[in-house]
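See structure below.
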Amino acid sequence: MLPRHSFYSALWKKVLEPAYEFSRGKQLPRIERFISKSQYFTKDQLEDLQWEKLAVLLEHAKSNVPFYSRFFKQNGLGVEDICRSRNLEPLPIITRQELMANPEDFISSKTPAGTYKKATGGSSGEPLRFLVCGQSDQWRVAMSRRGYGWAGAVNGRRHMLLWGGDIYAKPFLAKLKHSLHQNLIRQKHFINVDLSPERLKHLCKLIDRYRPEVLICFTTSAEIFAQYVLDAGWRPGHPLEAVIVGAEKLYDTQRATIETAFGCKVFESYGSREFMLIAMECDQHEGLHVSSENLMVEIVNRGKPAPPGQSGQVVITDLHNYAQPFIRYQNDDLAAWSAKDCSCGRKLPLLNSIEGRVLDIIRRVDGQPLTGAFFPHLLKEFPAIRRFQVVQKKRDVLEVRLIPNGELDAYTIDQIEKQTLKVLPGMKLEIVQVEKLETNQSGKTRVTIGLPPD
């Protein structure tokens with residue numbers, strides 16, 4: 001079902017936004033027009049498109065990226081050999097650890113236009129710093145807009161984010177520009193760090209004033225808010241059309257709680273800072289459609305493609321990032337393919353399930369919840385920290401385990417203490433250096449380990 005457009009949202013989509021992007025020399029409107037059609041391509045057409053783009057990317061990597069220049073030379077392979085066979089297996093799977101250990105090895109010697117630096121939120125406990133070129137940025141934004149649009153979150157329609165925010169204040173001009181852009185696209189941002197009843201009561205009032213059509217949240221934040229709504233007996237004065245959740249895995253029990261509380265459907269999204277939107281549910285809710293015009297996604301089990309229904313490691317190739325190509329990048333998530341096509345008619349590959357990232361809730365001394373996403377968002381700011389894990393040992397004792405990059409300086413420790421105690425007043429903070437972090441049964445590191453429920 002397509003979203004109902006107001007006069008303003010239609011004006012923004014058809015006139016104001018294209019004019020704005022054209023004035024900046026951007027290709028975003030053209031990409032959006034293309035992917036509105038390509039989502040209904042046949043499977044063969046989509047695969048042809050992917051392999052054409054991959055061939056160009058591999059030629060670029062072979063000529064300009066040290067790691068791939070050596071790889072093709074040492075293995076006697078040509079790009080045409082891989083593309084002709086349509087088999088990615090000869091290419092090595094690259095891990096986050098490899099990228100972090102030798103970052104210059106994966107950066108292009110030719111810096112494309114619009115290249116900028118970015119860092120992951122560190123939800124696996126280890127922030128990755130990387131480059132994104134302008135072309136890739138445009139494709140990421142287009143994919144996110146299309147996916148969120150399936151849930152009705154279209155620029156120009158009112159939508160609200162219950163999401164992470166900047167730990168440190170932006171410069172005045174940057175803050176002004178960001179605020180102006182949010183007003184133009186009709187987006188309101190509510191930082192999700194403090195989820196106390198007082199703040200959630202304020203959020204309810206803000207929603208009634210702003211009257212958003214769509215709410216976009218971290219999964220755990222949406223669940224906590226939904227439970228508050230059910231307990232308080234509140235409903236938005238202007239009914240919500242959808243709730244979009246992301247950043248963490250969505251469980252069936254969470255979906256039921258959120259849908260009951262807000263009286264609308266939940267749309268699950270799957271993404272990361274390396275790629276933005278990887279996959280998204282449409283209004284049929286039969287799985288998550290992969291952004292396959294921008295990404296080649298593989299599900300790999302023991303080095304081989306996993307059949308539908310079988311869980312495996314997510315391996316991703318970004319088809320447009322020429323600044324620092326991500327080719328067969330293993331992101332440490334687990335997922336499984338669906339065995340069927342979605343009844344919506346789109347032939348985009350369909351993910352059946354995603355394990356994703358799990359961020360535990362930390363309790364304040366007074367028992368109120370703090371989303372675990374706060375710590376990846378904070379600790380990514382410090383280059384001195386390589387990996388981290390936060391463990392709540394008691395209601396008033398929090399242990400921050402750090403694996404530093406060399407020497408851990410006093411400034412970093414001081415800032416971690418100050419920023420953490422702002423949101424966890426009265427907490428006893430123990431900052432310790434460790435050689436390794438705890439892992440769960442699947443081998444993944446839980447960034448935050450909270451106390452069992454009371």
Side-chain angles (χ1 to χ4, degrees), residues 43-44 46-110 112 120 124 126 128-133 135-136 139-140 143 270 272-276 278-279 290-308 310-337 348-349 351:
K43 290 183 179 180
D44 286 344
L46 286 167
E47 288 183 7
D48 288 345
L49 178 67
Q50 287 183 315
W51 283 99
E52 287 173 10
K53 292 185 176 187
L54 181 65
V56 178
L57 177 70
L58 290 179
E59 287 290 358
H60 169 82
K62 179 181 176 183
S63 301
N64 301 292
V65 180
F67 177 87
Y68 291 102
S69 295
R70 292 196 305 270
F71 170 78
F72 280 104
K73 184 176 181 180
Q74 291 170 359
N75 290 275
L77 281 173
V79 171
E80 64 280 359
D81 298 324
I82 293 169
C83 294
R84 189 187 307 116
S85 64
R86 296 205 169 186
N87 180 13
L88 290 171
E89 290 183 43
L91 294 170
I93 290 177
I94 305 299
T95 65
R96 178 191 299 259
Q97 290 72 28
E98 287 177 272
L99 286 181
M100 295 185 70
N102 301 289
E104 298 298 324
D105 233 14
F106 295 90
I107 294 175
S108 174
S109 58
K110 290 185 178 179
T120 65
S124 64
E126 192 169 6
L128 172 69
R129 293 168 177 84
F130 57 97
L131 299 178
V132 177
C133 71
Q135 177 185 210
S136 179
W139 276 90
R140 291 160 187 247
M143 288 295 166
Y270 172 47
S272 70
R273 288 182 67 85
E274 295 99 318
F275 309 107
M276 286 183 64
I278 298 170
V290 171
S291 303
S292 62
E293 300 97 329
N294 185 45
L295 306 170
M296 291 184 80
V297 176
E298 304 170 73
I299 307 298
V300 177
N301 193 324
R302 296 181 180 180
K304 297 294 181 181
Q310 184 183 92
S311 180
Q313 288 274 7
V314 177
V315 175
I316 301 178
T317 299
D318 186 326
L319 296 169
H320 296 103
N321 191 358
Y322 286 78
Q324 184 172 340
F326 283 82
I327 300 172
R328 302 202 79 199
Y329 170 70
Q330 181 176 294
N331 69 356
D332 294 328
D333 287 341
L334 297 173
W337 291 118
L348 300 167
L351 292 173

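These numbers come from the heavy atoms of this one structure, side chains and all, not from hydrogens, waters or symmetry mates.
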Once you round to the nearest 0.5 Å, how far does [atom1] of [X] lie from [atom2] of [Y]?
X	Y	atom1	atom2	answer
Thr95	Tyr329	OG1	OH	8.0 Å
Ser136	Glu274	OG	CD	11.5 Å
Gln324	Glu104	CD	CD	8.5 Å

Side-chain donor or acceptor of [X] paired with backbone N/O of [Y] under 3.5 Å:
X	Y	answer
Gln330	Arg96	no
Ser69	Lys62	yes
Lys53	Glu293	yes
Ser63	His60	no
Ser311	Ala336	no

Applying side chain to side chain donor-acceptor pair (under 3.5 Å), can you list everything that pairs with [X], at least two apart in sequence or on another chain?
X	result
Glu59	none
Asn294	His320
Glu47	none
Lys73	none

Residues Lys304 and Glu89 bridged, charged N to O under 4.0 Å
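The answer is yes: the pair qualifies as a salt bridge.
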
Start with the C-alpha distance between Asp318 and Trp139, add both sets of side-chain angles, then the distance that settles side-chain contact (heavy atoms from CB on, under 4.5 Å), and finish with yes or no.
CA-CA 10 Å; Asp318 186 326; Trp139 276 90; over 6 Å; no

Who are the side chain to side chain contact (heavy atoms under 4.5 Å, CB included) partners of Arg70, not counting sequence neighbours?
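With neighbours one apart ignored, the set is Pro66, Phe67, Gln74, Asp105.
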
Looking at side-chain heavy atoms only, is the closest gap between [X] and [Y] below 4.5 Å?
X	Y	answer
Leu99	Phe326	yes
Thr317	Leu57	yes
Glu98	Asn102	no
Ser272	Thr120	no
Leu319	Leu295	no
Val297	Phe275	no
Trp51	Leu88	yes
Ser292	Gln50	yes

Identify the residue among Leu348, Leu351, Ile316 that makes a side-chain contact (heavy atoms from CB on, under 4.5 Å) with Val290.
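So the option named by the test is Leu351.
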
Which heavy atom of [X] sits nearest to which heavy atom of [Y], and what is that distance?
X	Y	answer
Pro349	Trp337	CB-CZ3, 3.6 Å
Leu131	Ala323	CB-CB, 4.0 Å
Tyr68	Ala61	CB-O, 3.6 Å
Cys83	Leu58	SG-CD1, 4.4 Å

Check step by step if side-chain contact (heavy atoms from CB on, under 4.5 Å) holds for Val65 and Ile107.
CA-CA 6 Å; Val65 180; Ile107 294 175; over 6 Å; no

Under the criterion side-chain contact (heavy atoms from CB on, under 4.5 Å), I'd like the reasoning laid out for Asp81 against Phe72: C-alpha separation, chi angles, the key distance, then a yes or no.
CA-CA 11 Å; Asp81 298 324; Phe72 280 104; over 6 Å; no

Just jot down the ring-ring contact (aromatic ring centres under 6.0 Å, His included) partners of Phe71, sequence neighbours excluded, or say none.
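By the ring-ring contact (aromatic ring centres under 6.0 Å, His included) rule, Phe71 matches no residue at all.
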
Steps toward side-chain contact (heavy atoms from CB on, under 4.5 Å) verdict (Glu298, Arg328)
CA-CA 8 Å; Glu298 304 170 73; Arg328 302 202 79 199; 2.9 Å; yes

Please determine whether side-chain hydrogen bond (donor to acceptor under 3.5 Å, both in side chains) holds for the pair Asn301 and Gln310, giving the CA-CA distance in whole Å, both sets of side-chain angles, and the decisive distance to 0.1 Å.
CA-CA 8 Å; Asn301 193 324; Gln310 184 183 92; 3.1 Å; yes

